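We name chains A, B, ... by the order of the sequence lines, and we start the count at 1 in each one. From a predicted model like this one, the values you see are computed outputs, not experimental measurements.
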Amino acid sequence: MDNIAIELRGIDKSFGPVHANKNINLKVRKGTIHGIIGENGAGKSTLMSILYGFYQADSGEILVDGKPVAIRDPNAAIAAGIGMVHQHFMLVENFTVLENIMLGAEDSQILNKGIAKARVELKRLEREYALEVDPDAVIEELPVGLQQRVEILKALYRRADILILDEPTGVLTPAEADHLFRVLGQLKNQGKTVILITHKLREIMAITDEVSVMRRGEMVATRTTAETSVEELAELMVGRRVLLRVEKGEAKPGEVKLAVEGLTVKDGRGVTMVDNVSFNLKAGEIVGIAGVAGNGQSELLEAISGIRRAVSGSVLLNGKPIEVTGRADPSELRNRGLAHVPEDRHHVGLVLKFEECENAILGYHHDKRYLNGVFLNVDAIRKDAEKRIAEYDIRPPNPRLKTANFSGGNQQKIVLAREMERGPDVLIIGQPTRGVDVGAIEFIHRRIIEMRDQGMAVLLVSVELDEIRALSDRILVMFAGRVVGERGPDATEGELGLLMAGVEGRKEAAE
Amino acid sequence: MSTPYAKLPGWAEYGLIPLINLAVAFLVAGLVVLLVGENPLEAAYHLINGAFGRGEYLGFTLYYATTFIFTGLAVAVAFHAGLFNIGGEGQAYVGGIGVALACLWLDQTMPWFVVFPLAILGSAFFGAAWAFLPGWLQAKRGSHIVITTIMFNFIASSLMVYLLTRVLKPLGSMSPQTRTFAEGGQLPKLDWLLAIFGLDIGTAPFNVSFLLALVAAFCVWLLIWRTKLGYEMRTMGHSPSAARYAGMSESRITVITMMISGALAGMMALNPIMGEQGRMQLDFVQGAGFVGIAVALMGRSHPAGIIPAAVLFGMLYQGGAEISFEMPSISRDMIVIIQGLVILFAGALENMFRPAIARLFAMQSRRAAVVAQTKGA
Ligand SMILES: Nc1ncnc2c1ncn2[C@@H]1O[C@H](COP(=O)(O)OP(=O)(O)OP(=O)(O)O)[C@@H](O)[C@H]1O
Ligand SMILES: [Mg+2]
């Protein structure tokens with residue numbers, strides 16, 4: 001009994017008609033890493049939000065160290081020693097690391113004294129857990145991996161003994177993820193307890209001690225990690241057998257659909273993000289762009305889809321130019337058969353405050369079938385949304401629900417359904433399965449391949465090497481804004497890894 | 001997780017919370033009345049009675065409400081596209097030119113129902129034109145609309161002084177106003193509407209522009225939630241990056257939205273000019289453009305909220321005048337304080353009581369769940 005850090009008893013939570021958590025019981029042992037997995041919308045984030053005091057359970061009990069506690073708000077959670085690293089970081093962008101860490105834990109009214117103390121404490125934490133960050137760096141200038149470190153430090157600074165991480169690796173590069181896991185291991189060795197939510201079963205197998213599986217609001221199983229397998233977990237999650245590797249036949253490339261020539265893009269500060277990139281994309285093939293996040297993939301997609309202006313270069317869509325250096329109009333490009341699933345679904349691909357059906361027409365709102373003259377044809381829009389919801393198994397199946405209230409994976413399905421179902425000639429996708437569960441990944445991958453087989457040209461950007469290798473017919477590797485190599489789908493992880501790190505590429509370019 | 005506050009049922013969200021905010025505003029206002037040594041209950045009586053006590057009073061309340069519906073809608077439309085139009089005051093003022101021109105031109109030859117539509121078009125046109133410039137400046141040159149619309153309020157004010165002292169003033173007259181319009185330039189009162197409820201309108205200037213305001217409110221609802229343009233406006237208001245992704249032109253939407261907003265503000269001029277005075281005077285807007293901001297805030301930018309909020313402010317105007325009449329130690333400035341408190345609690349501090357109420361609701365539902373469980377067991 002003594003070694004249980006957190007116990008949940010009979011936690012129940014509904015949002016109106018949605019029963020997000022049904023009578024959940026869970027024990028997390030002290031000094032372990034406990035994984036929680038489950039399909040999109042299974043209720044994982046809701047459960048953790050209850051534990052962290054964002055939501056109140058309708059009924060049930062939370063025990064910390066064997067003692068019942070009332071967690072009414074995040075402050076109470078912190079007082080109980082629970083810290084949380086959010087999926088979307090809650091940092092003040094233009095504050096320094098130190099300022100962010102101190103925020104709300106300033107100790108005294110006079111800042112100077114506190115700052116000195118905090119700096120010392122921060123140094124100690126950094127050393128203890130191998131969490132180096134420059135305390136005086138401004139948050140917005142740090143890469144995501146480091147921002148996440150700041151979130152962890154923030155929790156530790158508040159003396160958290162129990163750390164909750166909700167899909168921490170979704171935004172990380174493989175190297176950053178590795179580092180994160182070393183840190184978590186370190187935390188565990190120091191006696192801290194970690195709860196880790198992730199969709200990546202490999203991560204679960206690699207680092208957790210125990211793993212609990214949720215399905216449709218219920219806790220269906222808890223396993224000792226060493227005694228289970230990826231296949232069993234996937235099956236427990238989805239309730240059926242899952243194909244973890246997609247099967248696909250030979251590509252039959254046709255004519256060139258998208259021809260990119262010498263494309264160069266700079267960001268707001270004038271830094272070259274895409275540097276003289278050229279490639280062709282043919283009908284019926286999937287070209288994957290591999291690379292560590294931040295090497296120009298995002299800007300490349302944005303330039304092609306007309307959201308960001310390029311400095312020079314040309315792009316031909318179906319043989320006709322896209323005005324990438326001028327005023328390319330994204331809605332005109334949609335009419336010409338270019339669909340775009342943006343990487344950032346929360347700020348770009350969706351309007352979170354809209355109803356689901358309103359998002360289902362975003363960018364296609366000029367479409368005649370959604371309009372009666374200048375008026376929206378609300379019936380047609382909702383009917384269409386309902387159809388999509390059924391086809392893509394979007395849950396809950398309610399086109400009038402606010403988009404923010406869908407779970408992450410279901411939000412992604414909303415975007416994918418919108419962009420894929422019109423049968424575009426060219427589909428460009430950024431991070432198609434970020435935050436998406438295994439069952440849905442299987443579905444999305446199969447869909448992408450089906451689309452390819454029907455002759456669609458697909459340009460895929462992903463930081464998941466597995467995904468790139470599983471789907472692509474050709475792989476381009478980007479490093480520092482340039483395409484540093486092209487490989488076939490049988491390229492090994494090591495080979496691609498070297499290219500992505502810019503090691504091999506330089507040699508190749510020099511030759 | 002975006003909202004740390006639990007969701008409340010609709011009736012609490014849109015009914016209970018505004019009522020609590022309002023009650024607190026009046027409580028604090030009551031304390032202020034106590035402070036100047038008057039009886040707050042008496043003041044409350046005069047406020048309510050002065051606003052609703054007689055057909056005539058009600059007529060005045062609704063007359064003011066008409067004005068505030070227009071300016072409130074103007075602010076709300078811009079809000080939906082993420083624009084903060086503080087220029088309602090100036091747009092309404094300049095909108096008056098359109099009304100005055102239509103009336104001066106046709107009032108002697110045409111009946112009101114011919115002049116009225118022209119005056120509507122005129123006011124909307126001039127209001128829209130006055131909002132077009134700030135909109136265009138933001139879209140093309142990045143000048144922030146909050147700044148430019150404030151500046152345009154001042155320019156409007158000077159322009160109108162010039163026009164009313166030099167151009168539109170009849171020869172030989174000493175006051176800065178147009179001539180008084182003939183019958184065709186005056187709107188009929190809605191005495192029959194109050195008569196249905198057995199009330200006598202007396203001298204109150206409650207007139208047909210009230211019906212126009214209701215129509216405008218409905219049209220705004222249609223525009224925002226049922227048209228493609230409204231969809232684009234809301235997209236931009238919530239997420240400019242999503243709007244760009246969807247191929248919506250930010251500058252086009254900014255300019256169009258501002259013009260619609262300005263047109264609504266301009267139409268406000270119909271009410272005082274054609275509905276009450278029968279002529280255009282200096283300063284006929286009297287701050288209604290700014291009250292519109294409070295009305296839109298309180299009404300959550302939804303026409304169904306704006307109408308009651310406008311009536312509330314109409315009541316404060318009319319009933320407030322009554323208080324200062326009946327209780328001389330409470331000056332008109334006191335009324336402004338009360339209005340300020342309403343704005344403060346209903347607008348700026350809107351969320352003050354929400355966490356507590358949300359907690360109450362959470363406790364309630366938990367208790368209900370426990371009861372249900374024990375019953376089930
Ligand atoms: N604030 C809310 N209002 C209404 N419904 C909600 C709200 N938050 C979550 N839900 C619903 O509750 C269910 C559980 O959502 P939750 O975010 O916990 O899923 P999840 O397991 O974290 O999924 P994912 O893996 O996709 O992140 C979903 O059906 C979701 O739509
Ligand atoms: Mg989640």
Side-chain angles (χ1 to χ4, degrees), chain A residues 10 12 14-16 45-46 48-49 52-60 72-74 86-88 166 302 305-308 327-335 340 342 344 346-354 358-359 361-366 370-378 404-405, chain B residues 1-10 80-82 219 221-253 256 301 355-356 358-374 376-377:
Chain A
D12 222 88
S14 300
F15 298 102
S45 296
T46 303
M48 291 306 118
S49 301
Y52 193 61
F54 265 155
Y55 294 141
Q56 302 287 305
D58 297 335
S59 61
R72 277 220 245 111
D73 52 33
H86 300 276
Q87 202 167 349
H88 304 279
D166 193 351
E302 286 173 3
S305 54
I307 300 174
R308 186 188 281 270
R327 305 175 152 269
D329 174 3
S331 44
E332 186 210 319
L333 294 179
R334 280 191 184 91
N335 286 339
H340 175 203
D344 184 344
H346 280 165
H347 298 107
V348 182
L350 294 168
V351 178
L352 290 180
K353 291 208 168 136
F354 274 2
E358 291 178 299
N359 269 312
I361 62 167
L362 187 69
Y364 298 90
H365 55 283
H366 301 294
Y370 298 137
L371 297 174
N372 283 327
V374 296
F375 291 101
L376 298 173
N377 184 346
V378 176
N405 293 343
Chain B
M1 306 270 85
S2 50
T3 49
Y5 306 131
K7 216 170 129 67
L8 292 170
H80 279 287
C219 290
W221 177 82
L222 266 184
L223 167 74
I224 300 292
W225 279 281
R226 284 293 181 272
T227 67
K228 189 170 88 169
L229 178 64
Y231 177 79
E232 295 184 318
M233 286 164 52
R234 283 183 296 133
T235 305
M236 193 174 101
H238 288 309
S239 168
S241 49
R244 213 165 308 132
Y245 161 77
M248 302 168 183
S249 156
E250 202 165 332
S251 41
R252 185 183 135 258
I253 298 172
I256 294 180
S301 297
R359 200 164 297 153
L360 265 170
F361 269 91
M363 260 159 63
Q364 186 70 32
S365 63
R366 218 168 316 158
R367 204 165 302 144
V370 170
V371 170
Q373 249 178 7
T374 39

Study note, to complete from the structure: Whatever's closer than 4.5 Å to a heavy atom in chain B on A/H366 counts as both
Check your understanding: Taking all non-hydrogen atoms of both residues, which atom of A/S331 and which atom of B/G247 are closest, and how far apart?
Key -> OG-O, 3.6 Å
Exercise for review: Determine the minimum heavy-atom distance between B/H238 and A/F354, stating which atoms define it.
Suggested key: CD2-CE1, 3.4 Å
**Study point:** Main-chain N/O of A/E358 paired with B/Y231 side-chain donor or acceptor, under 3.5 Å
**Key:** yes
Study note, to complete from the structure: What one should report as the nearest heavy-atom pair of B/Y245 and A/P342 is OH-CD, 3.6 Å
Exercise for review: Look at B/R234, B/R244, B/M248 and state which one has the largest set of heavy-atom pairs under 4.5 Å with chain A.
Suggested key: B/R234
Point to revise | Contacting region of A/L352 [heavy-atom separation from chain B under 4.5 Å] | key: neither
Practice item. Would you confirm whether B/T227, through its side chain, and A/V374, through its main-chain N or O, come within 3.5 Å as a donor-acceptor pair? Key: no
Study note, to complete from the structure: Bottom line for A/V348: the part with an atom under 4.5 Å from chain B's heavy atoms is both
Revision key, fill the gap. When the 4.5 angstrom heavy-atom criterion is applied to A/L371 and chain B, the contacting part is side chain
Revision key, fill the gap. Scored by heavy-atom pairs under 4.5 Å with chain B, the best of A/K353, A/H340, A/R334 is A/R334
Review point. Where the side chain of B/S241 meets the backbone of A/H347, is there a donor-acceptor pair that is under 3.5 Å apart?
Key: yes
